[in-house]
Amino acid sequence: MHQVPQPQVRHGDAVRRTRRADQALDTMAAEVRDGLARRPLPELPCKYFYDERGCALFEEITRLPEYYPARTEAGILAEHADAIVDAVAPVEIVELGSGVSRKIRFFLDAVRCRGWLESIQMLEFSEAALAESVARLQHDYPEARVRGVVGDFASDLAALGPGGGRLILFLAGTIGNLHPEELPGFFRQVAAVLEPGDGFLVGVDLVKDEACLHAAYNDSQGVTAEFNRNILRVLNARLGADFDPWDFDHRAFYDPKRQWVEMRLRARRSLQAHIPKAGTTLALRAGDEIRTELSCKYTRETFPSRLRGSGLELERWMTDPQDLFASALLRRR
Ligand code: AVI
């Protein structure tokens with residue numbers, strides 16, 4: 001999961017910033033300006049949900065009874081982590097968008113048991129969250145060299161350095177938050193930081209009954225609605241915007257043709273919002289919407305079709321008994 005960049009903190013050389021991370025505010029201003037200029041539907045990049053409050057709300061979402069992905073993926077990984085580690089034989093575990101970084105431990109423990117663990121890397125947008133994860137993992141796995149890279153998994157993978165004995169984890173279904181057209185380029189970038197035989201384990205949320213998807217993104221406690229509105233609070237805090245989040249209703253729906261869940265914010269009244277650091281003003285009429293997230297769902301057929309020409313191939317497809325979620329083990333050819 002992404003996090004909105006926080007103010008710089010100091011913690012030795014275990015956490016490194018990419019050049020893009022140093023320009024995070026300029027990048028954010030440009031992305032917000034471009035997204036809000038889109039017509040007919042203005043958009044905001046979903047990575048800007050994740051300031052400290054957004055991360056806490058997402059953590060809360062993962063514990064909701066309606067939100068099946070988190071617990072379902074944990075069940076799959078608990079069952080298959082050893083077999084994945086035996087297949088790839090890694091000496092380094094990398095996690096992209098690591099968030100609070102709990103599921104990585106299934107793999108770290110399996111690699112440690114075999115006496116292979118040399119290195120851990122995490123690539124994450126939030127320097128503060130990353131520094132905490134690095135410190136925790138360094139304490140718990142003292143035999144490994146633990147490094148954090150502050151950056152964006154969609155653009156900064158090269159900062160991980162060359163692969164070899166590497167298993168990259170991209171969990172939680174976060175791949176679904178990329179537009180399907182971005183996947184081929186993303187997979188090619190992943191392949192570039194892997195050596196032949198290295199592994200890429202991807203959590204993939206699956207196409208399923210619409211009612212189940214609707215409930216997962218429209219929970220009865222309103223946590224997802226609050227998470228959705230949080231993106232406006234982030235724009236207020238980081239870009240000096242003047243959104244009132246309560247001027248907006250949460251809307252989430254499944255589009256069966258595109259096989260994705262879309263989250264939007266719908267204006268309750270006509271309004272103008274100023275976003276000074278992005279140099280723009282957004283005028284909306286009552287009922288107008290801003291798209292804040294895509295969450296693409298895949299099948300055993302549609303997911304591998306996105307790998308063509310990337311240098312990665314699907315080796316294992318592991319699911320739960322109800323086929324809600326899959327863990328796809330890809331290997332670099
Ligand atoms: C982080 N990501 C995989 C979540 C998802 O399901 O797309 C974010 C989320 N959005 C609403 N609920 C959870």
Side-chain angles (χ1 to χ4, degrees), residues 1-3 5 13-24 27 31 45-47 84-85 87-99 101 104 107-108 111 116-125 130 134 144-204 296 298 302-317 326-333:
M1 169 183 61
H2 281 290
Q3 269 206 342
D13 61 0
V15 174
R16 290 183 306 120
R17 315 180 103 227
T18 59
R19 252 183 65 212
R20 269 178 65 90
D22 285 331
Q23 296 154 358
T27 306
E31 289 174 344
C46 65
K47 61 185 169 186
I84 293 166
V85 163
V88 179
V91 295
E92 179 184 62
I93 301 291
V94 177
E95 188 170 12
L96 307 182
S98 42
S101 205
I104 190 176
F107 296 91
L108 295 177
V111 179
W116 299 337
L117 187 60
E118 291 175 9
S119 165
I120 304 170
Q121 288 204 74
M122 281 167 294
L123 186 118
E124 165 65 57
F125 226 41
L130 192 62
V134 165
R145 175 166 178 256
V146 185
R147 284 199 324 149
V149 179
V150 184
D152 182 342
F153 60 72
S155 51
D156 296 324
L157 289 178
L160 295 171
R166 176 175 279 175
L167 172 63
I168 301 184
L169 311 175
F170 191 37
L171 306 179
T174 304
I175 197 149
N177 299 135
L178 293 172
H179 192 287
E181 282 170 11
E182 294 176 275
L183 289 197
F186 173 67
F187 285 135
R188 278 195 299 275
Q189 285 182 56
V190 173
V193 293
L194 297 175
E195 287 294 310
D198 284 357
F200 183 40
L201 185 76
V202 188
V204 185
C296 301
Y298 292 96
T302 58
F303 183 75
S305 72
R306 304 282 171 185
L307 294 171
R308 254 177 246 132
S310 69
L312 299 172
E313 59 191 23
L314 178 64
E315 184 168 298
R316 284 177 200 218
W317 181 260
S327 295
L329 177 61
L330 313 181
R331 294 294 283 277
R332 173 83 161 87
R333 274 201 292 269

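Heads up: numbering here begins at 1 and tracks the sequence. All values reported here derive from a predicted model rather than from experimental measurement.
You'll find the side chain of Leu157 reaches within 4.5 Å of the side chain of Leu96, heavy atoms only. Val146 places a side-chain heavy atom less than 4.5 Å from the side chain of Met122. By the 4.5 Å heavy-atom criterion applied to side chains, Trp116 and Val85 are counted as neighbours. Looking at heavy atoms from C-beta onward, Thr27 lies out of side-chain contact with Asp152 at the 4.5 angstrom threshold.
From Ser327, atom OG reaches atom CG of Leu171 across 7.5 Å, with rounding to the nearest 0.5 Å. How far CG of Leu178 is from SG of Cys46: 8.0 Å, rounded to the nearest 0.5 Å. The CZ atom of Arg308 sits 13.5 Å away from atom CD of Glu313, with the distance rounded to the nearest 0.5 Å. With rounding to the nearest 0.5 Å, the separation of CG in Leu312 from CZ in Arg306 is 15.0 Å.
When the ring pair (Phe, Tyr, Trp, His ring centres under 6.0 Å) test is applied to Tyr298, the partners found at least two apart in sequence or on another chain are Phe303.
In Arg333, the CZ atom is crowded: over 12 heavy atoms of neighbouring residues, nucleotides or ligands sit closer than 6.0 Å.
Of the residues listed (Leu108, Leu201, Ile168, Val88), the one engaging Ile93 in a side-chain contact (heavy atoms from CB on, under 4.5 Å) is Leu108, and it is the only one. Here the rule is side-chain contact (heavy atoms from CB on, under 4.5 Å) with Phe200, and of Leu330, Leu307, Val94 only Leu330 fits it.
Between the side chain of Asp198 and the backbone N or O of Leu167, no donor-acceptor pair lies under 3.5 Å. With hydrogens and angles ignored, the 3.5 Å screen pairs no side-chain donor or acceptor of Arg166 with any backbone N or O of Leu194. Between the side chain of Arg331 and the backbone N or O of Glu315 there is no donor-acceptor pair closer than 3.5 Å. The main-chain N or O of Arg16 is never found under 3.5 Å from a side-chain atom of Arg147 such that the two would form a donor-acceptor pair. A donor-acceptor pair under 3.5 Å is formed between the side chain of Thr18 and the backbone N or O of Val150.
Note: Phe186 and Phe153 have perpendicular aromatic rings, judged against thresholds of 30 and 60 degrees for the angle between ring planes.
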